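Here the structure is laid out as structure tokens; the discussion comes afterwards.
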Amino acid sequence: MKFIDEYRNADDSKRIVDKIKNILRHNWYIMEICGGQTHTILKYRLEEILPEKITLLHGPGCPVCVTSVEFIDKAIQLSFHKDVILTSYGDMLRVPGTKYSLLYSKSIGANVKTIYSPIDALKLAKDYPDKKIIFFAIGFETTAPATASSIIQARKMGLKNFFVLCAHVLVPPAIEILLKSQLTKIDGIIAAGHVCTVMGFKEYIPIAKKYKVPIVVTGFEPNDLLLGIFMTVKQLEEGRYDVENQYKRAVREEGNMSAKKIMFDVFEVVDRKWRGIGFINNSGLKIKKEFEDMDAEKVFSLNTQIDEIDTECIAGLILQGIKKPVDCLNFARKCTPENPLGAPMVSSEGSCNAYYKFGSVKINN
């Protein structure tokens with residue numbers, strides 16, 4: 001299959017690993033940001049074929065995992081409002097808030113539906129004019145343009161019963177927080193190809209220079225990742241801190257200008273709390289005033305005084321690359337996909353889910 005098989009060829013994988021071994025002199029810690037990339041690394045057991053001097057760290061690249069408890073509790077509150085149908089993606093429904101999840105709220109009477117895109121929520125608004133349809137929008141720059149488009153489309157369609165609970169977040173501010181941290185050791189960054197397909201990679205250039213960390217925009221197939229790691233190691237061994245693009249077949253430096261325009265026509269940048277990490281300046285997207293008639297936080301009454309819960313889950317440390325899932329005492333014991341303690345085990349993009357699903361790494365505890 002063109003554009004897939006060639007990036008999974010085992011002979012090519014071996015050649016790339018040999019190239020890494022030929023240039024490698026020092027120990028390096030390299031973080032991939034995207035949960036999809038983490039799953040590829042575990043599925044194809046890339047860590048096992050890489051030299052021991054390379055340690056891969058898994059970053060906060062799962063949108064379900066980083067959505068704050070506060071937003072989940074707001075979504076649960078909204079799901080019990082009269083005549084409301086609360087919609088969101090399947091993984092989001094299973095993530096626990098302060099007390100329980102959206103799936104549990106559905107089991108005790110709330111009207112909650114799983115959808116696959118904002119278009120599904122728009123269709124519900126059109127088909128059920130007597131109901132208030134709320135889309136719980138999560139995700140990074142990859143999904144924000146689609147949410148923005150649904151808001152503009154709802155305005156064009158004259159829908160008065162479509163609303164959005166906007167929890168979108170932005171990746172570069174989170175990378176800066178990790179690079180500033182004294183707890184996380186990161187020598188190089190593998191940037192998420194799909195985020196850069198939308199946003200381009202210009203905004204990474206000052207980050208790479210400021211923190212002296214090479215950043216390589218990378219795709220999602222195994223040989224994409226091995227090439228991204230090779231390009232990162234090559235920079236590190238040469239003492240360079242540039243932004244390079246391994247994913248040229250999809251990513252341009254300026255990104256997708258149309259997608260960026262529609263995103264910033266509808267949203268403005270705000271500070272946002274990330275689950276397990278805390279507040280990150282300028283890391284969230286909020287619906288602009290001209291569209292606030294569709295902003296669920298403005299239209300509906302909500303209790304916003306919610307505290308972070310105490311939990312046995314060490315998701316915050318895992319999302320920052322300080323710990324790996326197998327370092328958790330509860331991994332694969334008390335915490336499983338069927339009985340998750342935290343979002344990284346629930347989400348199909350979560351690193352705990354990847355380690356459990358592909359089981360290629362020895363449990364440390």
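These numbers come from a predicted model, not from an experiment.
With sequence neighbours excluded, the residues that form a ring-ring contact (aromatic ring centres under 6.0 Å, His included) with F163 are F300. Residues that satisfy the ring-ring contact (aromatic ring centres under 6.0 Å, His included) test with Y89, not counting sequence neighbours, are F135. Residues that satisfy the side chain to side chain donor-acceptor pair (under 3.5 Å) test with E238, not counting sequence neighbours, are K234, R240. Qualifying salt bridge (Lys or Arg N to Asp or Glu O under 4.0 Å) partners for D11, counting only residues two or more places apart in sequence or in other chains: none. Considering only residues two or more places apart in sequence or on other chains, N223 meets the side chain to side chain donor-acceptor pair (under 3.5 Å) condition with S13. In this structure T38 satisfies the side chain to side chain donor-acceptor pair (under 3.5 Å) test together with E32, sequence neighbours excluded. Under the ring-ring contact (aromatic ring centres under 6.0 Å, His included) criterion, F279 pairs with no residue, sequence neighbours left out. Looking at residues two or more places apart in sequence or on another chain, you find a side chain to side chain donor-acceptor pair (under 3.5 Å) between K261 and D265.
Pairing each heavy atom of H168 with each of R272, the nearest pair is O-NH1, 2.8 Å. Closest approach of P60 to I277, counting heavy atoms only: CB-CD1, 4.0 Å. The shortest non-hydrogen separation linking V84 to L78 is CG1-O, 3.2 Å.
Within the structure, salt bridge (charged side-chain N to carboxylate O under 4.0 Å, His left out) contacts touching residues 178-206 (residues at least two apart or in different chains) are K185-D187. Among pairs with a residue in residues 174-195, those fulfilling ring pair (Phe, Tyr, Trp, His ring centres under 6.0 Å) read H194-F220, at least two apart in sequence or across chains.
Here R15 pairs with D12 in a salt bridge; the nearest charged N to carboxylate O distance falls below 4.0 Å. Using a 4.0 Å cut-off between charged side-chain N and carboxylate O, R8 and E221 make a salt bridge. Salt-bridge formation is not detected for the pair D293/K298: no Lys NZ or Arg NE/NH1/NH2 atom is positioned less than 4.0 Å from an Asp or Glu carboxylate oxygen.
Side-chain N/O atoms of W274 and S283 include a donor and acceptor closer than 3.5 Å. Judged purely by distance below 3.5 Å, without hydrogens or angles, the side chains of H39 and Y355 never pair a donor atom with an acceptor atom.
I20 has its side chain within reach of F230: a pair of non-hydrogen atoms, C-beta onward, lies under 4.5 Å apart. Looking at F71 and E297, their side chains come closer than 4.5 Å, going by heavy atoms from C-beta outward. No side-chain heavy atom of K357 sits under 4.5 Å from any side-chain heavy atom of L42. Side-chain atoms of R275 and V95, non-hydrogen and from C-beta on, do get closer than 4.5 Å to each other. Residues P172 and I207 form a side-chain contact, since some pair of their non-hydrogen atoms from C-beta on lies under 4.5 Å apart.
No single ILVMFWY cluster, assembled from side-chain heavy atoms under 4.5 Å apart, contains both Y241 and I30. Under the 4.5 Å side-chain heavy-atom criterion for ILVMFWY residues, a single connected hydrophobic cluster contains both I151 and V269.
With values rounded to the nearest 0.5 angstrom, T147 atom OG1 is found 9.5 Å from L285 atom CG. Put simply, CZ on F291 and CZ on F267 are 9.5 Å apart, with the number rounded to the nearest 0.5 Å. The distance from atom CG of L103 to atom CD1 of I108, rounded to the nearest 0.5 Å, is 11.0 Å.
Under a 4.5 Å side-chain heavy-atom cut-off, the cluster of Ile, Leu, Val, Met, Phe, Trp and Tyr residues that includes Y116 has no other member. Grouped with I314 in one hydrophobic cluster are L183, L317, I318, I322, the linkage being side-chain heavy-atom contacts under 4.5 Å among Ile, Leu, Val, Met, Phe, Trp and Tyr residues.
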